[in-house]
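I have placed the structure first, in the form of structure tokens, so that the comments after it can refer back to it.
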Amino acid sequence: MSALLDQPLLWLVVTLGAYRLGLWLRDRTGAHPLAQPVLVAIVLVATLVVLTDVDYASYADDTALITFVLGPATVALAVPLHRQLARLRGFVLPLLTAVTAGAVVSVTAAVGLVRLLGGDELLARSMAPKATTTPVAIAVSDTLGGLPPLTAAVTITAGILGAVAGPSVLSLLRIHDHRARGLAVGSASHGIGTGRMIVDHPVEGAFSGLAMGLTALATSLVAPLLVALML
Amino acid sequence: MLTGLLWLLGCQLVGQLVVDATGVPVPGPVIGMVLLLVVLVVRDPPGDSPVHRTADAVLPHLQLLFVPAGVGIVAYAGVLRDDLVAVLVALVGSWFLGLAVVGLLADRLGRRTRVVDAPDPGRGP
């Protein structure tokens with residue numbers, strides 16, 4: 001057992017296997033919203049990490065290869081966007097207005113709700129940037145005086161929420177424009193939400209990736225100002 | 001595939017250099033995304049170019065790349081114990097408000113050019 005646990009490849013294989021199982025589950029359930037491969041894989045792998053008493057830092061080391069691909073994959077989001085470039089015509093101003101308003105509302109609501117519910121300032125500062133892609137969220141949290149590991153945890157959770165519930169909530173709100181749906185999920189749930197939209201619909205995936213980039217920029221500009229005003 | 005990967009990593013590298021030199025508050029790969037978009041617009045390669053094929057191979061599995069970070073939630077769950085309810089309600093509430101504001105604004109403001117069907121990519125609206 002300990003010979004197996006000492007293999008550096010073990011957690012890479014376990015992580016890929018758990019994700020593969022998540023894909024199988026998604027197909028088996030006819031793409032049930034809860035059967036998001038990212039959610040299935042995180043629950044499975046986290047359970048195994050806890051059961052085997054493995055240190056998270058050493059798990060992160062062993063799976064650094066997977067995390068590394070996030071960089072080139074983010075660059076690759078230019079490809080679906082290029083394919084949809086024609087659909088930007090007459091939509092640039094609505095897009096910029098919506099994403100900017102979204103960044104302001106998201107930060108204000110996160111800070112306001114935490115304080116209203118009795119959370120302390122540290123918690124509010126840590127949650128303010130949770131709609132942006134994880135590296136930006138961590139950097140903004142650091143600037144705001146938050147707790148970056150806590151920010152990472154709530155940011156990932158916001159992403160999973162978007163992958164699981166985003167499209168259904170948008171349908172409930174009767175938002176059917178594929179561009180608006182992609183923008184909304186990318187703005188509220190960054191790369192993890194984009195991961196689902198790319199599989200669902202080409203226009204939604206492209207606009208979600210774009211919204212992710214713009215939200216990162218807007219949030220890092222407005223969050224310090226809003227937090228200074230509110231706290 | 002190798003040529004495609006070279007383009008992606010090359011744009012990421014330049015993006016990172018731009019971030020280091022100017023201090024813009026976004027990650028290098030996001031600048032790299034903008035750079036690659038400019039390259040695609042200028043060069044207008046065919047739809048099955050190496051960059052397209054590499055992107056089409058990687059992007060359907062974007063969710064996989066977040067699994068290691070997601071497992072980290074477990075490592076920090078202890079910090080949240082006292083404020084779990086406040087965190088969860090604020091998280092879901094602000095997530096919903098952000099999603100709804102962006103979705104509704106973009107939907108209403110973009111009424112004129114709405115894209116509501118399930119079109120094949122590349123065809124005009």
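Note on naming: letters A, B, ... go to the chains in the order of the sequence lines (proteins, then strands), and numbering restarts at 1 for each one.
- In plain terms, the two heavy atoms of B:Leu8 and A:Pro72 that are nearest each other are CD1-O, 3.9 Å.
- Residue contact with chain B, scored on non-hydrogen atoms closer than 4.5 Å, involves the side chain of A:Leu23 exclusively.
- B:Leu59 and A:Leu77 get closest at one heavy-atom pair: CD2-CD2, 3.9 Å.
- Heavy atoms closer than 4.5 Å to chain B are found nowhere in A:Leu116, neither backbone nor side chain.
- At a 4.5 Å heavy-atom cutoff, the contact between A:Val50 and chain B is made by side-chain atoms alone.
- Counting heavy-atom pairs under 4.5 Å between each of B:Val39, B:Asp107, B:Thr54 and chain A puts B:Asp107 at the top.
- Counting heavy-atom pairs under 4.5 Å between each of B:Leu97, B:Val67, B:Leu64, B:Val92 and chain A puts B:Leu64 at the top.
- If you measure heavy-atom distances from A:Glu204 to chain B, you find no contacts under 4.5 Å at all.
- With a 4.5 Å cut-off on side-chain heavy atoms, A:Val154 and B:Val87 count as touching.
- Taken from OG in B:Ser94 to CE in A:Met127, the straight-line distance is 5.5 Å, to the nearest 0.5 Å.
- Of the two parts of A:Ala110, the backbone and the side chain both hold a non-hydrogen atom closer than 4.5 Å to a non-hydrogen atom of chain B.
- Considering CD1 of A:Ile175 and CZ of B:Arg108, their distance stands at 6.5 Å, rounded to 0.5 Å.
- The salt bridge (Lys or Arg N to Asp or Glu O under 4.0 Å) test applied to B:Asp56 returns A:Arg83, not counting sequence neighbours.
- The choice from A:Val199, A:Thr134, A:Val43, A:Leu81 that makes the most heavy-atom pairs within less than 4.5 Å of chain B is A:Leu81.
- In this structure, the portions of A:Val185 lying under 4.5 Å from any heavy atom of chain B include both its backbone and its side chain.
- Residue A:Val49 touches chain B through its side chain alone, counting heavy-atom pairs closer than 4.5 Å.
- Heavy atoms of A:Val105 lying under 4.5 Å from chain B belong exclusively to its side chain.
- Rounding to the nearest 0.5 Å gives a distance of 13.0 Å between CZ of B:Phe66 and CD of A:Gln36.
- Comparing A:Ala103, A:Gly119, A:Pro135, A:Ser187 by how many heavy-atom pairs each has under 4.5 Å with chain B, the most go to A:Ser187.
- The minimum heavy-atom distance between A:Ala73 and B:Leu65, with the atom names listed, is CB-CD1, 3.6 Å.
- Taking B:Leu62, B:Leu9, B:Val85 one by one and counting their heavy-atom pairs under 4.5 Å with chain A, the maximum is reached by B:Leu62.
- For a residue to count as touching a neighbouring chain, one of its non-hydrogen atoms must lie under 4.5 Å from one of that chain's; by this rule A:Thr133 touches chain B with the side chain only.
- Chosen from A:Val45, A:Ile192, A:Val136, the residue pairing most often with chain B at heavy-atom distances under 4.5 Å is A:Ile192.
- Interface residue B:Leu104: backbone and side-chain heavy atoms are both found under 4.5 Å from chain A.
- Looking at A:Arg20, there are no atoms closer than 4.5 Å to chain B (heavy atoms on both sides), in backbone or side chain.
- The residue among B:Gly110, B:Ala55, B:Ala86 with the most heavy atom pairs within less than 4.5 Å of chain A is B:Gly110.
- Below 4.5 Å, heavy atoms of chain A meet heavy atoms from B:Pro25, B:Val26, B:Pro27, B:Pro29, B:Val30, B:Gly32, B:Met33, B:Leu36, all part of residues 23-36 of chain B.
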Side chain to side chain contact (heavy atoms under 4.5 Å, CB included) between B:Leu40 and A:Val79, worked out: CA-CA 8 Å; B:Leu40 288 172; A:Val79 167; 4.0 Å; yes
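- Interface residue B:Val58: only side-chain heavy atoms are found under 4.5 Å from chain A.
- Counting heavy atoms from C-beta on, the side chains of A:Phe91 and B:Arg112 never come closer than 4.5 Å.
- Counting heavy-atom pairs closer than 4.5 Å to chain B, the top residue among A:Ala139, A:Ala60, A:Gly213, A:Gly191 is A:Gly191.
- Counting heavy-atom pairs closer than 4.5 Å to chain B, the top-ranked of the candidates A:Gly186, A:Ser220, A:Ala216 is A:Ser220.
- B:Pro68 approaches A:Thr63 most closely through the heavy-atom pair CB-OG1, 3.6 Å.
- Put simply, the side chain of B:Leu109 reaches to within 4.5 Å of the side chain of A:Thr97, judged on heavy atoms.
- Only the side chain of A:Leu85 comes within less than 4.5 Å of a heavy atom of chain B; its backbone N, CA, C and O stay farther away.
- The heavy-atom pair separating B:Leu91 from A:Ala158 by the smallest distance is CD1-CB, 4.0 Å.
- In this structure, CG on A:Leu96 lies 12.0 Å from CG on B:Leu105, to the nearest 0.5 angstrom.
- Neither the backbone nor the side chain of A:Ala131 comes within contact range of chain B, judged by heavy atoms closer than 4.5 Å.
- Between atom CG of residue B:Leu99 and atom CG of residue A:Leu173 there is a gap of 7.0 Å, rounded to the nearest 0.5 Å.
- Of the atoms belonging to A:Leu183, heavy atoms from both backbone and side chain fall under 4.5 Å from chain B.
- Between the side chain of B:Arg114 and the backbone N or O of A:Arg179 there is no donor-acceptor pair closer than 3.5 Å.
- Within the 4.5 angstrom heavy-atom criterion, no atom of A:Ala152 approaches chain B.
- Minimum heavy-atom separation, B:Ala69 to A:Ile156: CB-CD1, 3.5 Å.
- Within the 3.5 Å criterion, the main-chain N or O of A:Val38 finds a donor-acceptor partner in the side chain of B:Gln63.
- Proximity of B:Asp44 to A:His82: side-chain heavy atoms (C-beta onward) are separated by under 4.5 Å at one or more points.
- B:Val51 touches chain A through backbone and side chain together, each having a heavy atom under 4.5 Å away.
- Contact tally against chain B (heavy-atom pairs below 4.5 Å) for A:Asp120, A:Leu161, A:Val114, A:Val69: the top residue is A:Leu161.
- Between A:Val75 and B:Trp7 there is no side-chain heavy-atom pair separated by less than 4.5 Å.
- Contact annotation: the side chain of A:Tyr56 never approaches that of B:Val74 to less than 4.5 Å [non-hydrogen atoms, C-beta and beyond].
- Screening residues 10-34 of chain B for ring-ring contact (aromatic ring centres under 6.0 Å, His included) gives no qualifying pairs among residues at least two apart or on separate chains.
- Considering only residues two or more places apart in sequence or on other chains, B:Asp83 meets the salt bridge (Lys or Arg N to Asp or Glu O under 4.0 Å) condition with none of them.
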